[in-house]
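Written out below as structure tokens is the structure these notes cover.
Computed from heavy atoms alone, side chains included, the values below leave out hydrogens, waters and symmetry copies.
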Amino acid sequence: MSNFKTKGLIIKIGKIKEKDFLYTIYSYDYGIIKANKKLNKSHTWWKLLDLWYIINFEIITKEYSSIHKIKNIQILSEFSYENKSFNEINNYLILLNTVAKKIPLWTENYEIFEIFEVINSEKKINETSLILANLKIISLIWELRIEHADKTVLKILNFIHLNKITKIIKLVWIDEKIKKVLAGLAGI
């Protein structure tokens, strides 16, 4: 049995039993891990972990087990869904799904984790920013095709490929037509 400390983003929640939850966590140091947490009598429904929380935690691993235990959890940040449209919330959930489906277990990528830290801390995140963030994640896992017939889209894709998320989310001049093309490329 081993103990490790790390931080992670909750990307999926499942229920094993009434008070036994299975969390899929994208951790900073270890990539995607699956961990369970049993609620004891002192826990109440508002103390449950939720999607899009970034947390500090300890993971307790057992040899030959693919599901681990987590403890000493501290919530660091969460996506601010207040005053967000349905499309903005949905695009954030698509980001979580992209990571859950496309990143293999135990494969870390610090830049992908940084994307979620920036999004959770930034107050002016909008639908376009989330589309661009999804394109950046797809670029980081080598699945983004940069070639495109439209020169503006081509320039944006090259910009996404070459820059960090802090610069990418500052692209505010994108019109609705280009945004729809980018959303299609992002699978949104």
Side-chain angles (χ1 to χ4, degrees), residues 4-40 42-60 66-138 140-141 143 165-166 168-169 183 186-188:
F4 303 98
K5 278 186 124 169
T6 190
K7 60 183 174 177
L9 170 74
I10 298 176
I11 59 175
K12 192 174 178 184
I13 302 171
K15 207 172 194 182
I16 299 171
K17 295 179 186 172
E18 183 61 32
K19 292 190 175 193
D20 200 1
F21 290 87
L22 177 65
Y23 296 100
T24 303
I25 303 168
Y26 186 68
S27 74
Y28 181 78
D29 297 304
Y30 309 108
I32 294 180
I33 55 176
K34 295 191 182 272
N36 80 329
K37 174 78 175 144
K38 285 187 179 194
L39 300 181
N40 59 32
S42 66
H43 287 100
T44 55
W45 67 268
W46 62 84
K47 289 187 179 180
L48 295 176
L49 296 174
D50 206 352
L51 288 175
W52 59 51
Y53 280 9
I54 293 179
I55 58 173
N56 268 342
F57 63 98
E58 286 182 39
I59 181 170
I60 302 142
S66 62
I67 299 175
H68 311 286
K69 299 209 180 288
I70 56 174
K71 67 178 188 173
N72 296 333
I73 300 164
Q74 176 189 15
I75 298 169
L76 299 175
S77 70
E78 67 180 285
F79 177 65
S80 177
Y81 56 86
E82 292 178 10
N83 302 319
K84 297 283 191 239
S85 70
F86 171 80
N87 285 341
E88 291 166 330
I89 294 169
N90 191 52
N91 286 355
Y92 191 91
L93 293 172
I94 290 170
L95 278 177
L96 295 178
N97 191 47
T98 299
V99 171
K101 297 263 192 230
K102 297 197 178 258
I103 307 290
L105 292 176
W106 298 98
T107 306
E108 81 282 346
N109 185 312
Y110 304 117
E111 199 168 347
I112 290 175
F113 194 86
E114 179 188 348
I115 289 169
F116 287 99
E117 287 182 314
V118 168
I119 290 171
N120 282 9
S121 66
E122 195 65 40
K123 299 292 183 214
K124 295 182 181 178
I125 291 295
N126 59 31
E127 184 179 359
T128 303
S129 302
L130 293 165
I131 291 168
L132 296 172
N134 203 15
L135 287 168
K136 182 61 180 179
I137 290 172
I138 294 168
L140 289 169
I141 59 174
E143 290 188 9
I165 191 65
T166 50
I168 294 168
I169 62 172
I188 296 174

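With hydrogens and angles disregarded, a donor-acceptor distance shorter than 3.5 Å links the side chain of Tyr26 to the backbone of Asn109. Looking at Lys136, its side chain never comes within 3.5 Å of a backbone N or O of Glu111 through a donor-acceptor pair. Here the side chain of Ser121 pairs a donor or acceptor atom with the backbone of Glu117 at under 3.5 angstrom. With Asn120 contributing its side chain and Trp52 its backbone, the two residues share a donor-acceptor pair below 3.5 Å. With hydrogens and angles disregarded, no donor-acceptor distance shorter than 3.5 Å links the side chain of Asn91 to the backbone of Leu130.
Proximity of Ile73 to Lys37: side-chain heavy atoms (C-beta onward) are separated by under 4.5 Å at one or more points. Between Glu108 and Phe113 there is no side-chain heavy-atom pair separated by less than 4.5 Å. No side-chain heavy atom of Ile125 sits under 4.5 Å from any side-chain heavy atom of Glu88. Contact of the Leu132 side chain with the Ile169 side chain is not registered, since no non-hydrogen atoms from C-beta on lie closer than 4.5 Å. Between Ile141 and Ile103 the shortest side-chain heavy-atom distance falls below 4.5 Å. Phe4 has its side chain out of reach of Asp29: every pair of non-hydrogen atoms, C-beta onward, lies at least 4.5 Å apart. Contact check for Ile25 versus Ile70: side-chain heavy atoms found under the 4.5 Å cut-off. Between Ile168 and Leu135 the shortest side-chain heavy-atom distance does not fall below 4.5 Å.
Remark: Lys69 NZ to Ile60 CD1 distance equals 8.0 Å, nearest 0.5 Å. Here the OH-CD distance, from Tyr28 to Glu114, works out to 8.0 Å after rounding to the nearest 0.5 Å. Summarising the geometry, atom CD1 belonging to Ile59 is positioned 5.0 Å from atom NE2 belonging to His68; distances are rounded to the nearest 0.5 Å. Here the straight-line distance linking atom CD1 of Ile89 with atom OG of Ser80 works out to 9.5 Å at 0.5 Å rounding. Atoms CG and CD1, on Leu96 and Ile10 in that order, are 10.5 Å from each other to the nearest 0.5 Å. The line from CG of Asn72 to CD of Glu58 is 4.0 Å long, rounded to the nearest 0.5 Å.
Of the N and O atoms on the side chains of Asp20 and Asn36, at least one donor lies less than 3.5 Å from an acceptor on the other residue.
Scanning all heavy atoms of the two residues, the minimum distance from Val99 to Ile137 falls at CG2-CD1, 4.2 Å. Nearest heavy-atom pair across Ala133 and Ile115 is CB-CG2, 4.0 Å. Here the closest non-hydrogen pair linking Gly8 and Phe57 is N-CE2, 3.6 Å. When all heavy atoms of Ala186 and Ile131 are compared, the pair lying nearest together is CB-O, 4.2 Å.
Of the residues listed (Thr107, Thr24, Leu9), the one engaging Ile32 in a side chain to side chain contact (heavy atoms under 4.5 Å, CB included) is Thr24, and it is the only one.
Between Phe116 and Tyr92, the ring planes are perpendicular. Angles over 60° get that label, and only those under 30° would be called parallel.
Lys15 NZ: more than 12 foreign heavy atoms inside a 6.0 Å radius. Other residues, nucleotides and ligands contribute only 12 or fewer heavy atoms inside 6.0 Å of the NZ atom of Lys12.
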